Amino acid sequence: MTSKLPSLSTMLEKLVQSPSVSSTQPSLDQSNRDIVELLADWCEKLGMDVTLSQVHGNNEKWNLVARVGPGHGGLVLSGHTDTVPYDEGAWQSDPFQLTEVGDLWYGLGICDMKAFFPLALLAIEEVIPHLKKPVTLVATADEESGMAGASHLAATTSELGDFVLIGEPTGLTPIHQHKGILLEEISVEGLSGHSSNPALGKNALEAMTDIIIELRKLREMWQETYQTPGFEVPVPTLNLGCIHGGDNPNRICKSCRLQFDVRLMPGMEVDFIRRSIGDVLQPIARRFGVDIQFNPIFGVGSFHEPVSSDLVRLCEELAGKKAASVAFATEAAYFKGMGAQTVVLGPGDIDQAHQPNEYLDKGRIKPMQDLLRQLIRRLCVDTLSS
């Protein structure tokens, strides 16, 4: 069969050449429009029905949903189109050029996770004439800086498919559960004054000290309550990441800001955890006479797919590996929340993500292609229900 698509290396080259950095810093943040338009063009070459949708609240960010095949349900192959920022001068090659050195392909996003899309498209192309259920390709925006694309997709889409595979870098190991993550900020505003008389001001740093004590108590309580075997760290964590406050040793500190993260275990609800944090703040505000603001930055829930589910067992069979757990977060919780059996499985290694000289081992290409071909056939040609 003559492919309607460019070669794998050509598609990878074009994707890497298209910058799509997402960042919480506006000066670094970029649109992903070029990426989704590339994918849309390739999907249309295969006769797929393509929809591009603007992510709510950001006219530079776009999702793609492309479907082919009859009926409803079927399999969704999903990934994110954005990358993290890169370190200027730390790369041995141009991060926006696909560079081949021995058995490795280098380029920003090649591992996490642009390479997944051409592999998925080539696998889809092979089975289109035989489909009995649809295959859907999903490409989201902003996974690296807030998961706005997945959130928008979940809010605006009622049905995508019965099964979802997310091609994040897992070293070809099926992932059936991972922790959630909250990025949070607490700011305290007090009153400055001369340090020789504490009564002249209201010390924001001292109030923040009590806040930190209460956060550590919450952490201890959560770790006693939520424990999940299978994770390298089988309890939730709370990391006090950075703190800024005051301007001089001999002035009462007027302002203080703390940023921290919480890694959620399965069963921990985002809203409950944030309410628990909020509940400890107001007594401290009254005690010190300061204003305390709790500003959630970003959050996504944990993900858990039972190992007994059809999709997990099938992916274990095809990968030849038992399903595992990881600490990093993905968009899986959004798809699981839409009612789909979900697994995270991709060719890259998480150790290569988010760092200079990101690469993909070419030895992972054929195993991933074979797995995708077989997965599509089992779920959308043979189908589990037949």
Side-chain angles (χ1 to χ4, degrees), residues 8 67-79 111-113 115-138 160-178 228-232 266 302-328 330-333 335-336 338-351 360-386:
L8 173 63
R67 176 179 292 229
V68 66
H72 302 281
L75 173 65
V76 176
L77 301 175
S78 182
C111 164
D112 184 17
M113 53 172 290
F116 175 72
F117 293 111
L119 295 177
L121 286 168
L122 289 167
I124 291 170
E125 182 179 33
E126 290 187 17
V127 298
I128 285 176
H130 312 289
L131 290 173
K132 297 177 182 176
K133 288 190 175 181
V135 181
T136 302
L137 184 74
V138 171
L160 278 173
D162 298 323
F163 306 98
V164 177
L165 183 140
I166 301 173
E168 289 274 14
T170 72
L172 297 175
T173 297
I175 300 303
H176 78 102
Q177 62 178 359
H178 64 62
T228 306
F231 286 94
E232 182 178 357
S302 60
F303 158 67
H304 175 79
E305 182 68 52
V307 292
S308 60
S309 76
D310 291 330
L311 183 60
V312 172
R313 292 192 301 179
L314 179 55
C315 287
E316 286 181 327
E317 174 192 336
L318 298 179
K321 298 180 180 181
K322 288 291 186 183
S325 309
V326 292
F328 62 85
T330 76
E331 297 170 326
F335 292 101
K336 186 65 180 172
M338 297 171 71
Q341 291 187 33
T342 304
V343 162
V344 185
L345 196 166
D349 287 302
I350 195 63
D351 291 347
L360 177 68
D361 188 331
K362 291 166 63 177
R364 297 284 177 77
I365 296 298
K366 186 178 186 304
M368 189 68 196
Q369 285 179 314
D370 291 343
L371 187 149
L372 289 172
R373 290 189 193 104
Q374 294 177 67
L375 187 66
I376 296 171
R377 287 190 176 276
R378 292 283 287 273
L379 296 177
C380 300
V381 177
D382 304 332
T383 76
L384 287 174
S385 59
S386 61

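In this text, all values refer to a predicted model and were calculated from it rather than measured experimentally. Position 1 is the first residue of the sequence, and the numbers go up from there.
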Q: Could you tell me whether the side chain of Leu119 reaches within less than 4.5 Å of the side chain of Leu8, counting heavy atoms only?
A: yes
(Q) Tell me which one of Val164, Asp162, Leu379 satisfies side chain to side chain contact (heavy atoms under 4.5 Å, CB included) with Leu311. (A) Leu379
Q.
When you compare the side chain of Met368 with that of Leu345, does any pair of heavy atoms fall below 4.5 Å?
A. yes
Q) Phe117 and Leu77: side chain to side chain contact (heavy atoms under 4.5 Å, CB included), yes or no, with the steps? A) CA-CA 9 Å; Phe117 293 111; Leu77 301 175; over 6 Å; no
**Q.** Contact list for residues 312-324, test salt bridge (charged side-chain N to carboxylate O under 4.0 Å, His left out), sequence neighbours left out
**A.** Asp310-Arg313, Glu317-Arg378
Q: Check the pair Thr342, Glu305 against side-chain hydrogen bond (donor to acceptor under 3.5 Å, both in side chains), reporting the backbone distance first and the verdict last.
A: CA-CA 6 Å; Thr342 304; Glu305 182 68 52; 4.6 Å; no
Q.
Check the orientation of His178 and Phe303. Use parallel for under 30°, tilted for 30 to 60°, and perpendicular for over 60°.
A. tilted
Q. Which heavy atom in Thr330 sits nearest to a heavy atom in Glu168, and how many Å separate them?
A. CG2-CG, 4.0 Å
Q. Closest approach of Pro134 and Gly69, non-hydrogen atoms and distance?
A. CB-O, 3.8 Å
(Q) In the structure I gave you, are the side-chain heavy atoms of Val76 and Leu165 within less than 4.5 Å of one another anywhere? (A) no
Q. Could you state the interatomic distance from CD (Gln369) to CD (Gln374), rounded to the nearest 0.5 Å?
A. 12.0 Å
Q) Do side-chain atoms of Thr170 reach the backbone of Ile175 as a donor and acceptor pair under 3.5 angstrom? A) no
**Q.** Within-4.5 Å side-chain heavy-atom neighbours: His176 and Val343
**A.** no
Q: Give, for atom CZ of Arg377 and atom CG of Leu372, the distance between the pair rounded to the nearest 0.5 Å.
A: 12.5 Å
Q) For Pro266 and His304, which heavy atoms make the closest approach, and how far apart are they? A) CB-CB, 4.2 Å
Q.
Holding to salt bridge (Lys or Arg N to Asp or Glu O under 4.0 Å), I want the full list of residues that pass it with Asp349, two or more places apart in sequence or in another chain.
A. Arg364
Q: Nearest 0.5 Å please: distance from the CD1 atom of Ile350 over to the OG1 atom of Thr173.
A: 12.5 Å
**Q.** Qualifying residues under salt bridge (Lys or Arg N to Asp or Glu O under 4.0 Å), relative to Asp361, sequence neighbours excluded
**A.** none
Q. Considering all heavy atoms of both residues, which atom of Cys380 and which atom of Val135 are nearest to each other, and what is their separation?
A. SG-CG2, 3.8 Å
Q.
Would you say that Val326 contacts Phe231 through its side chain, given a criterion of any heavy-atom pair below 4.5 Å between the two side chains?
A. no
Q. Any side-chain heavy atom of Leu318 sitting closer than 4.5 Å to one from Leu375?
A. yes
**Q.** Interatomic distance, Cys315 atom SG to Leu371 atom CG [nearest 0.5 angstrom]
**A.** 6.0 Å
Q: Would you mind reporting whether Pro306 and Val312 have side-chain heavy atoms less than 4.5 Å apart?
A: no
Q: For residues Val344 and Ala332, report the shortest heavy-atom separation together with the two atoms involved.
A: CG2-CB, 4.0 Å
Q: Would you check if Leu122 and Ile124 make a side-chain contact, meaning some heavy-atom pair closer than 4.5 Å?
A: no
Q | Spacing of Arg67 atom CZ and His72 atom NE2 [to the nearest 0.5 Å] | A | 8.0 Å
Q | Heavy-atom pair of closest approach, residues Pro169 and Met113 | A | CD-CB, 4.5 Å
Q: Decide yes or no on side chain to side chain contact (heavy atoms under 4.5 Å, CB included) for Leu121 and Leu137, but give the supporting numbers first.
A: CA-CA 8 Å; Leu121 286 168; Leu137 184 74; 3.9 Å; yes
